There are 2 protein chains.
Amino acid sequence: MVNQEDPRVLRTRQLIRTAFRALLRRKGFDAITIKDIAQEATINRATFYAHFEDKYALLDEVTEQAFHEMIPERVADAQEFTDEICDQLILMTHQYIVDFYRICRMDSNSMAKLVDEKIKKMLQQTIESIFLKGGTHLGPDRHRIKIMAAMTGSAIYGAAHYWLNVEEKDRTDGLVDIVRPYVLNGLGLGV
Amino acid sequence: MVNQEDPRVLRTRQLIRTAFRALLRRKGFDAITIKDIAQEATINRATFYAHFEDKYALLDEVTEQAFHEMIPERVADAQEFTDEICDQLILMTHQYIVDFYRICRMDSNSMAKLVDEKIKKMLQQTIESIFLKGGTHLGPDRHRIKIMAAMTGSAIYGAAHYWLNVEEKDRTDGLVDIVRPYVLNGLGLGV
DNA sequence: AGGGAAAGGTTGCATAGGCAACACATTGTA
DNA sequence: TACAATGTGTTGCCTATGCAACCTTTCCCT
């Protein structure tokens, strides 16, 4: 395997990611071939396989990168799961989903499922890391913390996703007003 | 020497050019080192020398690239040296000079001289190529055509450069109104 | 069903680029 | 002046990428 810190490797991987994101804006995921990606990235097809097993692995990484680009600094650095952090997580998740469905042609079920799973996972990890940073009220039980993070992430994601089909979907304050109390009460942080 | 059509070479050279242009916006030419360029381009310093002899060669290429980016298509494709083409050459040259002096810190005499010479040369080549494409009224004498192109290019460049110090320098129509008749009359194309 | 085109992967070899070390030149400074 | 620091330019060795060739798998057309 290649050395992930070699500048050539960093550049090549970035080229591939950028090319893939550009392609997603004009083609469906299923219709994109490795050849397409290699051409768009101006790299050799064989080189692609030195970095990614297949386009699914690439999608995974791109999804993760996009998540990191969208997460507000205050959330990433948060020491505690406050109202404000909760709101930002809800809004960001909603925005992420909206962007993804608007920019990419979600004509592929396999892609939609992969992206959904990935975002949920990233969300859960983010929440868990916040729980762990602040000496949390949830107690020291690592298992319990993980489950609470999983539930919270899933709840936020599920609501944000559902909101796509709501009539007032532009009114994100409506979404926040419903989700925040639910999550905070569930965590025993209710006001 | 490296193969100029290898995709790696094309990418590397582009990285170097882009890095150099970025550096020129925040440092004087004399203050820019090869190390700076290599760092900005995320390439190795030794790699720089595989592509350019020194930063002067790079400046030459970047100047030429910028010229090609600015030249209007109608001028590049022109079959004849018409009034309109003449006007566009004047305006473009003026714009090029203005941009260069605005964007780059022209604190280096060596740089200013190199850039000036290069633009003049590009201008003369462009004009000569137009003369050669249209069965010109200048006759078949290649030598004569070259001199006419050199004079025309120098005249346009000189005027555009002088215009930097004119009070109404924003009024480029004033520049055009002076240069166009001069050049066209000189070429025996007067109206 | 069958057969050809296109995509997915893999491999060996040639070349470009990364890295570290070196000698030399230039500059700044005590 | 001297000497330390920084920049220039080069070299040898190693790794990543390009390229062409190859086989396999998938798809699609009749």
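Please read all numbers here as calculations on a predicted model, not as lab measurements. Computation of the quantities below employed the complete heavy-atom set of this structure, encompassing side-chain atoms and omitting hydrogens, waters and symmetry-equivalent molecules. Order of the sequence lines fixes the chain letters, A, B, ..., with proteins taken first and strands second; residue numbering starts at 1 for each chain.
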**Q** Grab the CZ-P distance between B:Phe48 and D:dT8 for me, whole Å please.
**A**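 It works out to 9 Å between those atoms.
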**Q** Could you pick out which residue, A:Lys55 or B:Thr12, lies toward the 5' side of DNA chain C when each is mapped onto its nearest nucleotide?
**A**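 Checking each residue's closest nucleotide, the 5'-ward one belongs to A:Lys55.
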**Q** Between B:His51 and C:dG17, does any side-chain N or O lie under 4.0 Å from OP1 or OP2?
**A**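 Indeed, a polar side-chain atom of B:His51 lies that close.
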**Q** Name the orientation class of the two ring planes belonging to A:Phe52 and A:Phe48 (parallel below 30°, tilted from 30 to 60°, perpendicular beyond 60°).
**A**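 Aromatic pair A:Phe52/A:Phe48 classed tilted.
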**Q** Does B:Lys55 count as lying over the ring of B:Phe29, i.e. NZ or CZ under 6.0 Å from the six-ring centre, within 45 degrees of the axis?
**A**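 Yes, B:Lys55 lies over the aromatic ring of B:Phe29.
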**Q** From CD of A:Gln4 over to P of D:dA16, roughly how many Å is that when rounded to an integer?
**A**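 Checked: the CD to P distance equals 9 Å.
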**Q** Of all the nucleotides listed (D:dG9, D:dT15, D:dT8), which has the minimum atom distance to the side chain of B:Thr33?
**A**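 Of D:dG9, D:dT15, D:dT8, D:dT8 is nearest to the side chain of B:Thr33.
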**Q** Which whole-number value in Å describes the distance from A:Asp54 CG to D:dT24 P?
**A**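 Checked: the CG to P distance equals 21 Å.
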**Q** Measure the shortest side-chain to side-chain distance between B:Lys27 and B:Asp36 over non-hydrogen atoms and say whether it is less than 4.5 angstrom.
**A**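 Side-chain contact under 4.5 Å: yes.
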**Q** Please tabulate, one pair per line, each protein N/O and nucleotide N/O from nucleotides 10-14 of chain C that are separated by under 3.5 Å, including the distance.
**A**
none

**Q** To the nearest angstrom, how far is A:Glu5 atom CD from C:dG17 atom C1'?
**A**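 Going from CD in A:Glu5 over to C1' in C:dG17 covers 17 Å.
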**Q** With heavy atoms under 4.0 Å as the rule, sort B:Arg11 into base, sugar-phosphate or nothing.
**A**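 Counting heavy atoms under 4.0 Å across all strands, the contact made by B:Arg11 is with sugar-phosphate only.
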**Q** What is the distance from CZ of A:Phe52 to P of C:dG8, rounded to the nearest Å?
**A**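 So the CZ-P distance, A:Phe52 to C:dG8, works out to 15 Å.
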**Q** If you assign B:Lys35 and B:Pro7 each to the DNA chain D nucleotide with the nearest heavy atom, which residue ends up on the more 5' nucleotide?
**A**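 Here B:Lys35 is the residue nearer the 5' end.
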**Q** Between B:Tyr96 and B:Tyr157 (judged by ring centroids, cut-off 6.0 Å), do the two rings come close enough to count as a pair?
**A**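 Not close enough - the centres of the two rings lie 6.0 Å or further apart.
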**Q** Round to the nearest Å and state the distance from B:Asn44 atom CG to D:dT15 atom P.
**A**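 So the two atoms are 16 Å apart, to the nearest Å.
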**Q** Using the side-chain contact (heavy atoms from CB on, under 4.5 Å) rule, pick out the option among A:Thr18, A:Thr33, A:Ile32 that qualifies with A:Leu23.
**A**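 That would be A:Ile32.
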**Q** I need the CG-C1' distance between B:Asn3 and C:dT15, as an integer number of Å.
**A**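 Interatomic distance, CG of B:Asn3 to C1' of C:dT15: 9 Å.
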**Q** Could you tell me the separation between the OG1 atom of B:Thr12 and the CZ atom of A:Arg8, rounded to the nearest 0.5 Å?
**A**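 Result: 10.0 Å between the selected atoms.
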**Q** More than 12 heavy atoms of other residues, nucleotides or ligands under 6.0 Å from OH of B:Tyr101: is that the case?
**A**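 Count over threshold, so yes.
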**Q** Grab the CG-P distance between A:Leu58 and C:dG9 for me, whole Å please.
**A**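 Computing the A:Leu58:CG to C:dG9:P distance gives 13 Å.
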